[in-house]
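Right, one structure below, let's go through it.
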2 protein chains.
Amino acid sequence: MIIVLNMKRRLTPQREAILELIGSSDRHWDAESIAKMLARKGRAIGLATVYRGLAVLEEEGLIHAIQLTDGKKRYERAGKEHHDHFICKLCGSITEFSHPAEARILEHLSRETGAVVHGHEFVVFGVCASCREAS
Amino acid sequence: MIIVLNMKRRLTPQREAILELIGSSDRHWDAESIAKMLARKGRAIGLATVYRGLAVLEEEGLIHAIQLTDGKKRYERAGKEHHDHFICKLCGSITEFSHPAEARILEHLSRETGAVVHGHEFVVFGVCASCREAS
DNA sequence: CTAGTGTTGAGAATGATTATCGTTCTCAAC
DNA sequence: GTTGAGAACGATAATCATTCTCAACACTAG
């Protein structure tokens, strides 16, 4: 895979390491987990650099950011079709789901209000099946 | 309106002031705005007390919390039928909307995954009609 | 080669929220 | 009315995620 960043941005070794980590898994990474994981792999990167790298990679569309209910921004690899997130209050696990009706809701919204929709986030919380059974 | 909080929680004058402020408007309040507004009204309340009050009032179901994309938690009065939020990236305005298909998505999710859904949040961002026209 | 600009890493700074702590308030039992 | 236990208050310190600052380093074009 050959990646070229726009303009003056460079795909530095640090940014490549971040991209490789996120791109090769289905996890929802936050900045600190990325820094720790890279450190554990002997590829330590300054935390500020991780934050900057994430911002750049997101702007370039190479990763995708989501904002869940805890204060942390999470990142997942780009290129998957759009999906929403279910978060279990008990175990914290994140499950992805999607439904075709969502597109219709967005269409309806922009038709009614005249707004231009750039993005959206649908976060559902509750108790996942395995936690429900376990309790 | 008579309000009785459960158990050991008390509806103190401070909490009543917060509830009255949120309940009598359709704004989406963050903690600091509440503190400032009450201070301007000559009813100043410690910021920590505002945060604690908001948490208590939310637990009691008297106000409703939403988490938008900026780091701040917002609160709106409870009792309105459920709705979602559209945020304009340019002017920051928040528009409420709703669509019946949403319920179907949630039903589908819990049927498919076996999860119990407690709540959800659908946040859409883009450019509102008036900002679009102005630019 | 060299100037100009992008990038890094460490640490300071920021902003929202939460914890701490001594004091005050509430309320039921005495 | 007094007391005692626990809830609540307000000011301030602490925390947590994130952003900023700045000096040292690395590319890239001329």
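Not measured: the values here are computed from a predicted model. In what follows, every chain begins at residue 1, and chains take the letters A, B, ... in the order their sequences are listed.
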Completion exercise
Arg15(B) atom CZ is separated from dA7(D) atom P, nearest whole Å, by 11 Å
Practice task
Could you state the atom-to-atom distance from CG of Leu54(A) to P of dG9(C) in whole Å?
Solution key: 13 Å
Handout entry: Shortest side-chain distance from Arg52(A), nucleotide among dG9(C), dT7(C), dT26(C)
Key = dG9(C)
Handout entry: Interatomic distance where CZ belongs to Arg9(B) and P belongs to dC9(D) [whole Å]
Key = 11 Å
Fill in the blank from the handout: Checking dA10(C), dT26(C), dT7(C) against the side chain of Ala48(A) (C-beta onward), the nearest is dA10(C)
Completion exercise
Comparing Pro13(B) with Gln67(B), nearest DNA chain C nucleotide closer to 5' gives the residue Gln67(B)
Exercise for the section: Can you spot which of Lys80(B), His82(B), Glu76(B), Arg77(B) makes a side-chain hydrogen bond (donor to acceptor under 3.5 Å, both in side chains) with His64(B)? Expected result: Glu76(B)
Exercise for the section: Look at the side-chain N and O atoms of Thr49(A) and state whether any lies under 4.0 Å from the OP1 or OP2 oxygen of dT7(C). Expected result: no
Practice task
Return no unless some side-chain N or O of Gln14(B) is found under 4.0 Å from OP1 or OP2 of dC25(C).
Solution key: no
Fill in the blank from the handout: Per atom distances to the Arg10(B) side chain, the nearest of dA7(D), dG10(D), dT8(C) is dA7(D)
Fill in the blank from the handout: Looking only at dT26(C), dT17(C), dG10(D), the nucleotide nearest the Ile45(B) side chain is dG10(D)
Problem - Val124(B) and Ile87(B), any side-chain heavy atoms less than 4.5 Å apart - result: no
Practice task
Taking the side chain as every heavy atom from C-beta outward, state whether His28(B) and Lys72(B) have any atom pair closer than 4.5 Å.
Solution key: no
For nucleotides 14-16 of chain D, which of its nitrogen or oxygen atoms have a protein nitrogen or oxygen under 3.5 Å away, and what is each distance?
none

Fill in the blank from the handout: note: Asp30(A), atom CG; dA17(D), atom P; distance rounded to Å ~ 8 Å
Exercise for the section: Search all heavy atoms of Ala115(B) against all heavy atoms of Ser110(B) and return the closest pair with its distance. Expected result: O-CB, 3.1 Å
Practice task
Can you tell me the pairing partner of dA29(C) across any strand shown, Watson-Crick or G-U wobble, with both distances under 3.5 angstrom?
Solution key: dT2(D)
Handout entry: Glu60(B) bridged to Arg9(B) by N-O distance under 4.0 Å
Key = yes
Exercise for the section: Counting Watson-Crick and G-U wobble pairs only, both distances under 3.5 Å, name the nucleotide matched with dT28(D), or none. Expected result: dA3(C)
Problem - Phosphate OP1/OP2 of dA26(D): any Thr12(A) side-chain N/O under 4.0 Å - result: no
Problem - Between dT18(C) (P) and Glu58(B) (CD): distance, integer Å - result: 10 Å
Exercise for the section: Taking only the side-chain heavy atoms of Tyr51(A) (C-beta and beyond), determine which of dA8(D), dT18(D), dG9(C) contains the nearest atom. Expected result: dT18(D)
Handout entry: Pair His120(B) + Phe122(A): ring centers closer than 6.0 Å
Key = yes
Handout entry: Length of the CD1-P vector between Ile66(A) and dA17(D), whole Å
Key = 16 Å
Exercise for the section: Go through the steps to decide whether Gln14(A) and Arg43(A) satisfy the test side-chain contact (heavy atoms from CB on, under 4.5 Å), and finish with yes or no. Expected result: CA-CA 9 Å; Gln14(A) 288 89 337; Arg43(A) 185 73 196 78; 4.2 Å; yes
Practice task
Return yes when atom NZ of Lys89(A) has more than 12 non-hydrogen atoms of other residues, nucleotides or ligands closer than 6.0 Å, and no otherwise.
Solution key: yes
Practice task
Grab the CG-P distance between Leu57(A) and dT7(C) for me, whole Å please.
Solution key: 11 Å
Practice task
Go through dT17(C), dC25(C), dT18(D) for me and flag the one nearest to the Leu47(B) side chain.
Solution key: dT17(C)
Practice task
Give the rounded distance in Å between these two atoms: CD1 of Ile34(A) and P of dA17(D).
Solution key: 13 Å
